[in-house]
Structure formats: C-alpha cells, structure tokens
Amino acid sequence: MWSIKNKLSTRLMNICIASLCKAKQLEKAEGLIVDGIRIGVQPDVVTYNTVIAAYCRVVGIDPGYSILHRMKEAGINPDVITYNSLIAGATRYCMLSRCLDLFDEMLEMSILPDIWSYNTLMHCFFKLRKPDEAYRVFQDIILKDISLHPATFNILMNGLCKNGYTENALMLFRSLKRHGFTPQLVTYNILIHGLCKSGRGKTAKEFLNELVEAGHIPNAITYTTVMKCCFRCRQFEEGLKIFAEMRRKGYTYDAFAYCTVASMLLKTGRMNEANEYLGYIITNGFDLDTVSFNNIINLYCKEGQLDNAYKLLYEAEKKGLESDKYTHTILIDGLCRTGNFKEAQQHLDCMSMMGFDSNLVALNSFINGLCKAGHLDHALWMFESMDAKDSFTYSTIVHGLCKAGRFRAASKLLLSCVRGGMRILKSNKCVVISGLRSSGFSHEARKVQSKIRLAKILHY
DNA sequence: GTAGGGTTAG
C-alpha cells in the first residue's frame, strides 16, 4: 500500500517539477526534490532528467552536470535520456569535446545511444561547420541500422544548407522523395530558407507551391522566410504582399514581422509607411522588446526627432528593458545626422564606459556625419586615428573627399581599400575616375582603373 | 532534441 502511495507521490512531484521547469523556476524545482526526500517521496530518473534538461536548456551544461552527480549519489542510474539532454546542452553551447566525452561516458556505462543521441551529435558537427564529420555520423546511423526519425533528415538537410551545400540538400530531398519519404512542413521550410539564402528565390517559390500541393499549410516561418527573400532580392512590393497576406491570416501575432518590414522601409526611405507600421505596434499593445524599441528609436532619429528618441529610450528603461549596442549606435548616428557632434562624442565615450566594445559602426556614422556637415578635416583626423576600418569607413571618406573635389586623395584611399581585400562601391569608383578626368588627371584616372583591376584579380 | 523572422554606418 505504502509503495503504491509512494509511487503516486513521485509522479505528482514530477508533474510539479516539470511545470516549475517550464516556468524556468529551476531553483524551486531543485528545492522541491529536497523537500520531497525529507517527507519520504523519493525522486526517480524522470525527476532528475527533467531538471537536467531544463538546466541545460536555460542555464548551461555545468549545472546539468552537477545534478547528474547528485543523481548518481542518490543511487539513481542515468539513462539515455539523461545523456541526450546533456549532449543537447553541449550542442547548444557548441561544446563539441563535451559532446564526444558524453558519448564515450554513455558507452562506458553500457547505455546505448539512440537516434536522438546521433541526431544531436550530427547537429553539433554541423553547427561547428564540420559537415564531413556530421555526414560521417549520418553514415554511422545507417551502418548501425538505427531506425531513423523524420528529424534526422531535417537536421541533415539544414546542416547541408547552412554549410553551403544547398545543392546537395536539394538532391537528397529529391532522392528521398523518390524513395517514398514524406517531407514535413519543417523539411520544406529548411529547403526554402536554404534556397533563398543561396540566391535561388525562384526555386524557393516553386517549393512553396509544392508544399501546398503536398497538403501542407504554410506557417509564419514559411511566410517570413519568403518575405525576407523578396526584400533581399529588392522585390519590395512582392515582399509587402506576403506581409499583407500574413496579416490577413493572423500570422503577425508579435512585433517581429512588423519590425522586419519597418526596417526595410526605413532603409529605402519610405518613412511614412515605416511610421504607420511602427505606430501600429505601439498602439495595439504588442509586447515590445529592446529590438522593437530600437526600430522605433531609429525611426525618430532618421526623422531628426532626437527628443522623441530619448523619450522613448527613457520609457523602455522604465519598463525594465536594457538598451544595447544597437540602441546607442542608432542614437549616435541620429546625433551626427543632426550635426550634434559634441553630444555624439559624449555618447560614444559613454558607450565605452558602459562596457560596450569599440564600435566601428558608430565611428563610421560619425565620419559620415562629419563629411555631410562639411567638417572634412575632422573626419580625416578621425579616419587616421581609427585602429580598424572596413569598407564602410573607406567608402564614406572617399565620398567625402570627392564631394570636396579632392580626387587624388580619394583615389589613394580607394586603392588602399581594394588592396586590403575589401570591396569598393561602384559609385565610389565612378566618381573618383570621372573626377580625376574632369580635373585634368586623365593619365592618373587610367592608372587608378588598372590598379583597381589588378588588386581585384590578386584578391580573387 | 530538427525549420524562420526584427535593430546601427557608405
């Protein structure tokens, strides 16, 4: 009688622990185990597995390990699920050697790895951009005749796409289908994403049709993937059509899609529409996070409404949201655009005091603002004093020099940019060459042209 | 335990 009661209590405790873990209240969950033991309710392997999985997911693998030790001390043997959770934790934090150690430990304890142990290990190799090793894990699964899970193919296809083997993923998909494999919606989404990223938007859209024909209903993930693809290919209206469809079908339940669209609109100078959508998420009670706020602050900065931008920052902080490096970079850019360099400099100094890394983007914004306001010498001084420069830095200063008619100086910097292996803007090159020509340096213009060509070949 | 998506500069 007592033993049945005890088992029931353990089961009840496990349910409570699972719900605490779901709510990320891990210390409370651990406390419940201690309390349970005190009143005679013994935790079992499920109890510990639940807590280990939650720690690995939420905090990290080390606390997961310490629960494993406590579990062993309590005389409860870990099983394949315990180890799978730890392997998943190690994969989450890209700790390959821990994954492999766990695999060995499992085998030493005569716990047989299952399909999820292999799936996760394969995923770990892919995440670390080791597709050959990942594929070897897949071959191992086949060799050991372990029955596959649909997710195995998804992980394999996703890994291939992310590692630049979209074509192979596509071939695999087709060959699997010929062998009677039924792709899931996830499978289609993976492939569509891979195709979009590798610039094959047209094939991606064919798959969108195919998945519908196969009886699947596209979800929010499918839509955002294709929408983003349209924006990347500068098919703005088509992307906006997809967004409208998402809204109609109720897939815009959070601020994500709105922010994706708004940032595209801001970048392309469509301020009114950006204003409309960002206004919509403010007034319609969407749960706004730091990134959403950053988008709105960026809108205000772009419109020169710095007061509103700061007011919003204050509001976000009052809500308990922390500003990040984007927030401050956006504000510095806004200050520079309005010619407020003194405050921008103060904000920049403040950023390093707040512990943000040196910020190349903010410095580029600064140089851009200085050039636009005609403070070219200040911009050049800043340019010279920078430790790291990228193609943005060069294109900004080259543009500034050309605007001031200093084409020879501009051509020198353009050349050092391309010699450093960085890409240059076509517009930059054209302005420098035509500027040199029109100011009587045709010979130099030709020389610069051939030097750029040579540098590009050398870096190819 | 497998898929997507938002924020900064030329």
Side-chain angles (χ1 to χ4, degrees), chain A residues 53 56-57 81 84-89 91-92 114-124 126 149-159 161-162 184-194 196-197 218-229 231 243 246 251-252 254-264 266-267 278 281 288-299 301-302 323-334 336-337 359-369 371-372 390-400 417 423-425 427-428:
Chain A
C56 286
R57 203 172 43 241
I81 296 173
N84 283 355
S85 297
L86 289 161
I87 292 171
T91 296
R92 180 179 290 270
D114 66 4
I115 185 62
W116 275 107
S117 325
Y118 284 99
N119 281 350
T120 314
L121 183 63
M122 180 166 71
H123 187 200
C124 190
F126 273 131
H149 186 278
T152 314
F153 295 117
N154 296 337
I155 294 167
L156 180 60
M157 250 177 265
N158 183 46
C161 288
K162 294 262 166 74
Q184 302 169 307
L185 179 60
V186 181
T187 326
Y188 279 105
N189 284 346
I190 288 168
L191 209 53
I192 289 175
H193 183 242
C196 285
K197 276 263 157 109
N219 63 8
I221 297 179
T222 325
Y223 279 110
T224 42
T225 308
V226 181
M227 181 175 82
K228 201 69 217 264
C229 178
F231 291 157
F243 178 62
M246 283 185 80
Y251 287 134
T252 45
D254 56 26
F256 267 98
Y258 284 95
C259 288
T260 313
V261 172
S263 79
M264 177 281 286
L266 283 177
K267 274 186 191 137
L278 291 174
I281 61 169
L288 300 183
D289 60 4
T290 302
V291 182
S292 311
F293 272 105
N294 287 347
N295 265 293
I296 306 166
I297 291 174
N298 190 26
L299 173 74
C301 284
K302 286 257 163 63
S323 53
D324 60 10
K325 69 171 183 180
Y326 289 97
T327 323
H328 298 290
T329 310
I330 290 166
L331 285 165
I332 290 169
D333 183 55
C336 291
R337 280 174 194 274
N359 190 341
L360 185 56
V361 179
L363 289 172
N364 288 346
S365 276
F366 219 114
I367 289 185
N368 181 40
C371 287
K372 286 231 166 86
D390 65 1
S391 65
F392 277 90
T393 329
Y394 279 96
S395 63
T396 310
I397 201 84
V398 166
H399 183 80
C417 179
R423 64 185 203 93
I424 55 170
L425 288 181
S427 62
N428 259 187

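Everything quoted here is computed from the prediction, not taken from an experiment. Numbered from 1 within each chain, the chains take letters A, B, ... in sequence-line order.
The listed nucleotides are B:dG10, B:dA9, B:dT2; the one nearest the side chain of A:Ile155 is B:dT2. In this structure, the nucleotide among B:dT8, B:dG6, B:dG10 sitting nearest to the side chain of A:Tyr326 is B:dT8. Picking from B:dG4, B:dT7, B:dG6 the nucleotide with the shortest atom distance to the side chain of A:Lys228 gives B:dG6. Side chain of A:Arg57, nearest nucleotide from B:dG1, B:dG6, B:dA9: B:dG1. The side chain of A:His193 lies closest to B:dG4, out of B:dG4, B:dG1, B:dT2. For A:Lys162, counting side-chain heavy atoms from C-beta on, the closest listed nucleotide (B:dG10, B:dG4, B:dG1) is B:dG4. Nearest to the side chain of A:Thr260, among B:dT8, B:dG6, B:dG4, sits B:dG6. Candidate nucleotides B:dG4, B:dG6, B:dT8 were compared by shortest atom distance to the side chain of A:Asp333, and B:dT8 ranks first. The side chain of A:Ile190 approaches B:dA3 more closely than any other nucleotide in the set B:dG10, B:dA3, B:dT8.
A:Ser391 comes within 4.0 angstrom of a nucleotide base, judged by non-hydrogen atoms across all strands. Among the heavy atoms of the strands lying under 4.0 Å from A:Thr224 is at least one base atom, whether or not backbone atoms are also near. Using a 4.0 Å heavy-atom criterion, one finds that A:Ala262 contacts no nucleic acid atom at all. Within the nucleic acid shown, A:Asn84 comes within 4.0 Å of at least one base atom, counting heavy atoms only. A:Ile221 comes within 4.0 angstrom of a base, heavy atoms only. Using a 4.0 Å heavy-atom distance criterion, A:His399 is classed as making no nucleic acid contact. Among the heavy atoms of the strands lying under 4.0 Å from A:Arg423 is at least one base atom, whether or not backbone atoms are also near. If you check every strand for non-hydrogen atoms under 4.0 Å, A:Leu425 touches a base. Using a 4.0 Å heavy-atom distance criterion, A:Ser292 is classed as a base contact.
Residue-to-nucleotide contacts include a donor-acceptor pair under 3.5 Å from the side chain of A:Asn294 to the base of B:dT7. Residue side chain A:Ser395 reaches the base of B:dG10 through a donor-acceptor N/O pair under 3.5 Å, judged by distance alone. A donor N or O paired with an acceptor N or O is not found under 3.5 Å between the base of B:dG10 and the side-chain atoms of A:Asn428.
Screening A:Asp114, A:Asn119, A:Thr120 for a side chain to side chain donor-acceptor pair (under 3.5 Å) involving A:Ser117 leaves a single residue, A:Asp114.
Here CG of A:Asn294 is found 9.0 Å from SG of A:Cys259. Values are rounded to the nearest 0.5 Å.
A:Ile296 places its CD1 atom 11 Å from the C1' atom of B:dT7, with the value rounded to the nearest Å. Nucleotide B:dG4 holds its C1' atom 14 Å from the CG atom of A:Leu191, rounded to whole Å. A:Arg337 places its CZ atom 11 Å from the P atom of B:dT8, with the value rounded to the nearest Å. Atom NZ of A:Lys302 is separated from atom P of B:dG10 by 7 Å (rounded to the nearest Å).
Applying the side-chain contact (heavy atoms from CB on, under 4.5 Å) rule to A:Ala262 yields the partners A:Leu278; only residues at least two apart in sequence or on another chain are considered. Under the side-chain contact (heavy atoms from CB on, under 4.5 Å) criterion, A:Phe256 pairs with A:Asp254, not counting sequence neighbours.
Residue ring and base: A:Phe392 counts as stacked with B:dA9 (centre distance below 5.5 Å, interplanar angle below 30°).
Not less than 6.0 angstrom separates the ring centroid of A:Tyr223 from the ring centroid of A:Phe243.
Taking the side chain as every heavy atom from C-beta outward, A:Thr187 and A:Gln184 approach each other to under 4.5 Å.
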